[in-house]
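What follows is one structure encoded as structure tokens, with my remarks underneath.
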Amino acid sequence: MGVKRCLSWREVLKEHKTLRGIGQNSLLVDRGESGYNNRFLPGGVILYPGEGLSGHQQPVGGNRRLLVALSTQHPMQVFLREGVNCWRALGPYRVAAVDYVWEEGERRFVYWFRLEPLTGG
């Protein structure tokens with residue numbers, strides 16, 4: 001399997017269509033640069049924190065989109081930031097589960113969405 005080429009932000013934005021992390025049909029993930037602590041698990045699984053860096057997260061905006069994607073099993077394209085103006089398309093993922101948990105260190109409730117690759121990541 002060859003190395004997947006680096007996509008520019010312009011190329012990602014063409015499909016993602018928003019500056020926010022959760023788009024209509026796609027998600028942006030990184031390794032903490034955005035302030036969100038995405039967790040990368042074996043098998044390509046991603047634990048994706050919900051939208052909102054302060055206060056209790058609510059089922060609105062991007063969080064609502066992901067809740068709808070869970071209930072409809074609508075796939076979401078995932079893009080991983082690998083560096084400055086360098087993104088990698090990870091392929092389609094499904095929202096497999098969600099937990100709404102109390103994060104003691106942050107003193108607030110946060111959504112954690114479990115994203116699973118549809119094609120091996």
query = Mind checking whether Phe79 and His16 have parallel, tilted or perpendicular rings, split at 30° and 60°?
reply = perpendicular

query = Is the charged tip of Arg81 near the ring of Trp9: under 6.0 Å from the six-membered ring centre and within 45° of its axis?
reply = no

ask   = Would you call Leu47 and Leu41 a side-chain contact if the rule is heavy atoms closer than 4.5 Å?
value = yes

From Gln24 atom CD to Gln77 atom CD, the distance as rounded to the nearest 0.5 Å = 15.0 Å

ask   = Hey, is CZ on Arg39 packed in by over 12 heavy atoms from elsewhere, all under 6.0 Å?
value = yes

query = Is the backbone of Val101 close enough, under 3.5 Å, to the side chain of Asp99 for a donor and an acceptor to pair up by distance?
reply = no

task = Report the residues that fulfil ring pair (Phe, Tyr, Trp, His ring centres under 6.0 Å) with Phe113, sequence neighbours left out, ordered by chain and then residue number.
result = Tyr111

query = Do you see a donor-acceptor pair shorter than 3.5 Å between the side chains of Trp112 and Gln57?
reply = no

ask   = Can Arg31 be said to sit on top of Phe40's aromatic six-ring, NZ or CZ under 6.0 Å from centre and within 45° of the ring axis?
value = yes

inquiry  = With a 3.5 Å distance limit and no angle check, can you tell me whether Gln73 reaches the backbone of Leu70 through a side-chain donor-acceptor pair?
reply    = yes

query = Can you find a heavy atom in the side chain of Glu11 that is under 4.5 Å from one in the side chain of Arg5?
reply = yes

request  = Let me see the working for Arg64 and Glu51 under salt bridge (charged side-chain N to carboxylate O under 4.0 Å, His left out), right down to the final yes or no.
outcome  = CA-CA 9 Å; Arg64 178 159 174 67; Glu51 186 175 77; over 6 Å; no

message = Is any side-chain heavy atom of Ile46 closer than 4.5 Å to one of Leu80?
response = no

request  = In plain terms, say whether Arg114 and Glu116 are close enough for a salt bridge, that is, a side-chain N and a carboxylate O under 4.0 Å apart.
outcome  = yes

query = Side chains of Trp87 and Leu28: does their closest heavy-atom pair fall under 4.5 Å?
reply = yes

task = State which residues pass side chain to side chain donor-acceptor pair (under 3.5 Å) with Arg10; sequence neighbours excluded, sorted by chain then number.
result = none

